[in-house]
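Quick notes on the structure that follows.
Quick note on labels: first sequence line is chain A, next is B, and so on, each numbered from 1. Computed from a predicted model, the values in this text were never measured in an experiment.
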Amino acid sequence: MRLATWNVNSIRARVERTVAFAVREHIDVLAMQEIKCTPEQFPYAEFEEAGYFVSAHGFNQWNGVAIASREPITDVEHAFPGMPGFAKGHNGPDAPQEARAIGATIGGVKVWSLYVPNGRSLNDPHYFYKLDWLSALADYTRSTLEANPDLPMALVGDYNIAPTDEDNGDPTVVVGATTHVSPPEREAFAALEQAGLKDVVRPLVPTGFTYWDYKQLRFPRNEGMRIDFILGSHRLADNVTGAQIHRNERKGEIPSDHVPVVVDLDLTGPDDDDRPMVF
DNA sequence: ATGTCACGTACAACGTGA
């Protein structure tokens with residue numbers, strides 16, 4: 001299975017380019033973030049003509065997540081258990097949820113497409129929402145993998161965190177001054193690893209950014225950030241055979257500000273026992 | 001110079017979010 005994640009920054013603005021990439025790179029499962037539309041507005045036809053099923057989740061022009069897959073998508077969820085919501089100046093389990101997570105089972109793999117809240121600034125309610133959201137995601141991960149330690153599970157998407165100093169090349173993003181690099185955010189990311197997940201791209205692609213701001217010639221200057229990740233349970237991580245960050249997708253006509261991150265999984269190995277694997 | 005985008009509202013230019 002070839003699995004990809006991509007913050008597309010509006011699927012309606014970029015459907016042609018998105019599908020072309022998926023076809024050209026033989027992507028089996030594409031997790032998208034920031035589709036910026038409702039399911040009713042999603043351009044399904046272009047995906048279906050290319051042989052993909054799609055499950056989309058969105059409430060309005062903000063956020064929105066989706067999964068496209070060559071194999072059927074089952075057991076779709078529109079939030080992970082305990083996912084907090086957000087409204088102006090108000091976050092927590094009683095606030096309305098946003099469209100930032102879609103989960104499904106595909107070919108025996110539990111896949112989550114995640115769009116972690118941005119945080120906006122270090123004293124903004126959105127920042128505390130971001131930390132709460134990540135804490136709840138770690139709780140979900142821990143309890144899921146305690147109940148089923150051998151579950152092949154991928155939590156992929158735009159985490160809006162640069163885990164190391166080398167993951168930030170944007171001179172306006174500074175520890176102590178902005179989001180994405182603050183110690184609490186980095187601790188929240190590390191907690192996901194402590195809950196049983198591994199960054200399955202980093203060992204194969206140790207350097208490189210996944211996002212460059214549109215402003216101030218960030219891409220030509222290569223002043224980007226590494227904030228899009230594919231995190232996997234041990235069962236997933238043990239079966240990765242390749243990984244790529246498709247930097248060239250930041251070039252050309254109307255690019256997203258993010259590029260696709262891809263992993264190849266061989267889930268038909270000797271320790272696969274009796275689990276049905278489609279790919 | 002938040003020197004760029006995308007979307008909604010409303011039909012021009014601004015507000016919102018990133």
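- A cation-pi arrangement is present between A:R70 and A:Y52, with the terminal nitrogen or guanidinium carbon under 6.0 Å from the aromatic centre and inside a 45° cone about the axis.
- Scanning DNA chain B 5' to 3' for nucleotides with an atom closer than 4.0 angstrom to a non-hydrogen atom of chain A gives a first and last hit of B:dT2 to B:dA18.
- The closest side-chain heavy-atom distance from A:D264 to A:V240 is not below 4.5 Å.
- The stretch residues 250-258 of chain A does not touch DNA chain B, since none of its heavy atoms comes less than 4.0 Å from the strand.
- For the pair A:S10 and A:N160, nearest-nucleotide mapping onto DNA chain B gives the more 5' position to A:S10.
- When heavy atoms are screened at a 4.0 angstrom cut-off, A:R12 is found touching the sugar-phosphate backbone but no base atom.
- In the model, A:S143 has no side-chain atom that pairs as donor or acceptor with a side-chain atom of A:E146 under 3.5 Å.
- Nearest-nucleotide assignment on DNA chain B puts the 5′-proximal partner with A:Q216, out of A:Q216 and A:P117.
- Taking the six-membered ring where tryptophan is involved, the planes of A:H78 and A:H57 are essentially parallel, since the angle between them stays under 30° and well short of 60°.
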_Intermediate values then yes/no, salt bridge (Lys or Arg N to Asp or Glu O under 4.0 Å), A:D167 and A:R202_ = CA-CA 11 Å; A:D167 296 331; A:R202 184 86 70 175; 2.8 Å; yes
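- Between A:F21 and A:H246, the ring-plane angle classifies as perpendicular under the 30° and 60° cut-offs.
- The same atom, P, is picked in B:dA6 and in B:dA10; the two are 22 Å apart, to the nearest Å.
- Contacts between residues 33-48 of chain A and DNA chain B, defined by a heavy-atom separation under 4.0 Å, are made by A:K36, A:Q41.
- Nucleotides B:dC14 and B:dG3 are separated by 16 Å at their P atoms, to the nearest Å.
- Although no hydrogens or angles enter the test, the distance criterion places a donor-acceptor pair under 3.5 Å between the side chain of A:T210 and the main chain of A:D228.
- Panel note: side chain A:N168, backbone A:V173; a donor-acceptor pair is recorded below 3.5 Å.
- Side-chain atoms of A:E98 and A:Y129 include a donor-acceptor pair closer than 3.5 Å.
- In summary, A:R24 and A:E249 engage in a salt bridge, as defined by a charged side-chain N under 4.0 Å from a carboxylate O.
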*asked:* Let's go through A:W212 and A:N222 carefully: what are the C-alpha distance in whole Å and the side-chain angles of both, what is the deciding distance for side-chain hydrogen bond (donor to acceptor under 3.5 Å, both in side chains) to 0.1 Å, and is it a yes or a no?
replied: CA-CA 7 Å; A:W212 297 259; A:N222 196 29; 3.0 Å; yes
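- When heavy atoms are screened at a 4.0 angstrom cut-off, A:Y211 is found touching no nucleic acid atom at all.
- A gap of 15 Å separates the C1' atoms of B:dG15 and B:dT2, to the nearest Å.
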